[in-house]
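When reading the values below, keep in mind they use all heavy atoms of this one structure, side chains included, and skip hydrogens, waters and symmetry mates.
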Amino acid sequence: MLQQLPRWTLTAAFSAAALSSFSGVPFESVQGELVLSYVVLRHGARNMLPKTSTLQESNVFGGPNLLPEGQQQCYEVGKEFRERYLDLATCARTGTCLTPHGTESKYGVVDSNPDLNYNNFNTLFNSSALHRTLLSASSFLSGAFGEEACNGEELHVLSQPPVFSTEEGQDWRIRAYTKCPTYDRDLERWFQSPEFRAKEAESLSLRTRVQALAGPAVNVSLAEWWNVYDRFQVRQASVDRDEVPQVLDDETYEGMVALAMWLETAKMRSSLVQNRVGGGLLADVLGRMEQAVQHRETSFPPHVYRLTGVAAHYNTLLGVLASLQADQVANSTLSWVREKIPALAAVLVFELHAVPAQGGEEYLVRLMYQDGPGEPYQGISLPCSRDGDADHACPLREFFQLGAPQALSASEWCAACGNRDVWACQAGGRGTGKLRSRGR
């Protein structure tokens, strides 16, 4: 079991008015302001990725390559992000303009006001240190900050934010699922559970059929089923299905996919993974929100990140949702927590809104997702969501009450996972605790 985590301490800068329970005025009827957007992006289509049953990968430097199709997917999602959050001509329709009115959504404009445009003072993008995520981040940012016409004809590339990363062996925020021995042991125990044994028996016919069609070299055990799925899915994602040799008939293929989706989402249930995969990243989200509200209330710190992004993996997205107990919400329509993993180039977006209220402002948090290019943005229902809000907004205080006990500092994550290899764990987590309100 995880240790009892301390409750998040809100700083004095969070005024009583700002953190009071929302007044009940329907959000759609209030003209508010989007204060912060925190994006978690799943990488696009890549080469095959063999994994163990406990999500461990090979140590090949950089991992599998992002495919050209994956670059295009992330570029398209970046353009759609621009339409929703950055382009004043389109973002006003959804009330989600992150760009201040009267300014341009460009990055790194020389001699511009750092509080109005996008620059290194207010924009930060991180990635795991792998080819598929680093290039996905760059492709996403190309779409978000992108190209524009010059004299109506020639296109030229605009400046875009750099992408930062932490060495793979030290990345405990984005890639926690590959470095958590206690989670690995819990997975191994789950593979011996009555639920898993029942699924093995139920799926035996399908797995035997796949074995006969795919050949004896393919390991069709349920615990290793991800590799069966990935073997065929990567081929499907990179070329037209009609051009792929039909090793599996449609019925078998669909059954193979459904079984893989059950397996991978079950591994990320909150009851199993707890906060060990998503708690570190959730702490960063809460810290950015805390700084944004403090800056708005007191003008300190002088600069805060208005746009923060992370290029990550489906386990990262599901781990954050598990930390927020999204899978425990009754009647949730989010397919990610029960039916399927996030699509390639899917995005999860935390939105912090400031809305007028009696005596000042109140703050709402919305958790939105887009399940890949061309899909609509939709709200995710959380245990703190207000009844009647179309996008399931949480008052800020309730969001912190939900998230803070699940947020992990480095030392807390090390203890929860039993990790002694990451440098932050060897150093006792010194200097890598939960973010507090402070300047850059």
Side-chain angles (χ1 to χ4, degrees), residues 2 40-43 46-64 127-133 136 166-193 195-196 199-200 219-231 233-234 257 259-282 310-323 327 336-338 340-344 346 348 408 413-414 416-422 425:
L2 286 176
V40 187
L41 166 73
R42 187 193 175 194
H43 59 77
R46 47 147 178 79
N47 280 324
M48 283 190 290
L49 175 63
K51 294 193 292 190
T52 69
S53 59
T54 57
L55 307 176
Q56 303 302 306
E57 304 170 16
S58 73
N59 58 0
V60 175
F61 187 78
S127 171
S128 61
L130 298 170
H131 183 278
R132 60 187 182 275
T133 44
S136 290
T166 299
E167 182 183 345
E168 164 61 17
Q170 310 309 321
D171 180 5
W172 62 273
R173 287 191 189 275
I174 301 175
R175 298 266 292 169
Y177 61 93
T178 65
K179 304 174 183 69
C180 191
T182 60
Y183 175 48
D184 293 347
R185 289 195 291 270
D186 286 347
L187 279 176
E188 294 287 1
R189 281 192 289 268
W190 179 65
F191 293 146
Q192 306 302 318
S193 69
E195 178 194 25
F196 192 84
K199 198 69 173 182
E200 281 184 317
N219 182 348
V220 296
S221 66
L222 181 55
E224 303 285 348
W225 193 249
W226 164 265
N227 295 322
V228 177
Y229 163 79
D230 200 54
R231 176 190 179 97
Q233 189 67 14
V234 167
V257 171
L259 185 59
M261 296 300 96
W262 173 84
L263 177 65
E264 296 305 306
T265 56
K267 288 178 182 179
M268 301 303 294
R269 293 172 187 161
S270 61
S271 58
L272 181 58
V273 71
Q274 301 168 356
N275 60 346
R276 292 172 291 190
V277 169
L281 197 59
L282 179 59
V310 174
H313 311 263
Y314 75 84
N315 296 100
T316 314
L317 277 70
L318 293 180
V320 171
L321 291 174
S323 295
D327 60 338
W336 289 0
V337 297
R338 295 184 181 91
K340 63 183 290 295
I341 62 175
L344 294 165
L348 192 65
L408 294 177
W413 177 82
C414 295
C417 281
N419 187 300
R420 298 180 181 179
D421 297 324
V422 172
C425 302

Nearest 0.5 Å please: distance from the [atom1] atom of [X] over to the [atom2] atom of [Y].
| X | Y | atom1 | atom2 | value |
| --- | --- | --- | --- | --- |
| Glu264 | Leu259 | CD | CG | 10.0 Å |
| Trp172 | Asn419 | CH2 | CG | 11.0 Å |
| Lys179 | Leu55 | NZ | CG | 12.0 Å |
| Arg189 | Asp184 | CZ | CG | 10.5 Å |
| Lys267 | Leu272 | NZ | CG | 10.0 Å |
| Leu187 | Gln192 | CG | CD | 12.0 Å |

Side-chain contact test, heavy atoms from C-beta onward, threshold under 4.5 Å: evaluate it for [X] versus [Y] and give yes or no.
| X | Y | result |
| --- | --- | --- |
| Ser53 | Glu224 | yes |
| Val273 | Leu318 | no |
| Asp327 | Leu321 | no |
| Leu282 | Asn275 | no |
| Pro64 | Arg132 | yes |
| Asn47 | His131 | no |

List for me each residue that meets salt bridge (Lys or Arg N to Asp or Glu O under 4.0 Å) alongside [X], sequence neighbours excluded, and say none if there are none.
| X | result |
| --- | --- |
| Asp230 | Arg46 |
| Arg42 | none |
| Glu188 | none |

Please give me the minimum heavy-atom distance between [X] and [Y], naming the atom from each residue.
| X | Y | result |
| --- | --- | --- |
| Thr133 | His43 | CG2-CB, 4.1 Å |
| Ile341 | Thr265 | N-CG2, 4.0 Å |
| Trp336 | Ala346 | CZ2-CB, 3.7 Å |
| Leu130 | Gly63 | CD2-N, 4.1 Å |
| Ala416 | Arg276 | O-CD, 3.8 Å |
| Arg173 | Asp171 | N-OD1, 3.3 Å |

Quick one: list whatever passes side-chain hydrogen bond (donor to acceptor under 3.5 Å, both in side chains) with [X], sequence neighbours left out.
| X | result |
| --- | --- |
| Tyr183 | none |
| Glu167 | none |
| Asp421 | none |
| Ser323 | none |

Quick one: ring pair (Phe, Tyr, Trp, His ring centres under 6.0 Å) partners of Trp225, sequence neighbours excluded?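 Counting only residues at least two positions away or on another chain, Trp225 forms no ring pair (Phe, Tyr, Trp, His ring centres under 6.0 Å).
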
In chain order, what residues pass the ring pair (Phe, Tyr, Trp, His ring centres under 6.0 Å) check against Tyr314, with sequence neighbours excluded?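 Testing Tyr314 for ring pair (Phe, Tyr, Trp, His ring centres under 6.0 Å), a comparison that skips the adjacent residues, returns Trp226.
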
With sequence neighbours left out, write down each residue that passes side-chain contact (heavy atoms from CB on, under 4.5 Å) with [X], or none if nothing qualifies.
| X | result |
| --- | --- |
| Ser271 | Arg269 |
| Ala176 | Trp413 |
| Arg338 | Ser332 |

Test item: Glu195 side-chain N/O and Ser193 main-chain N/O as donor-acceptor pair under 3.5 Å: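 No; judged by distance alone, with no hydrogens or angles, the pair does not exist.
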
Does any N or O in the side chain of Thr166 come within less than 3.5 Å of the main-chain N or O of Gln170, such that one atom is a donor and the other an acceptor?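 Judged by distance alone, no pair lies under 3.5 Å.
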
Please determine which of Leu281, Val320, Ile174 meets the side-chain contact (heavy atoms from CB on, under 4.5 Å) test together with Val40.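 Of all the options given, the one that passes is Leu281.
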
Would you say the side-chain atoms of Arg175 and Tyr177 include a donor-acceptor pair closer than 3.5 Å?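 Side chains of Arg175 and Tyr177: pair found under 3.5 Å.
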
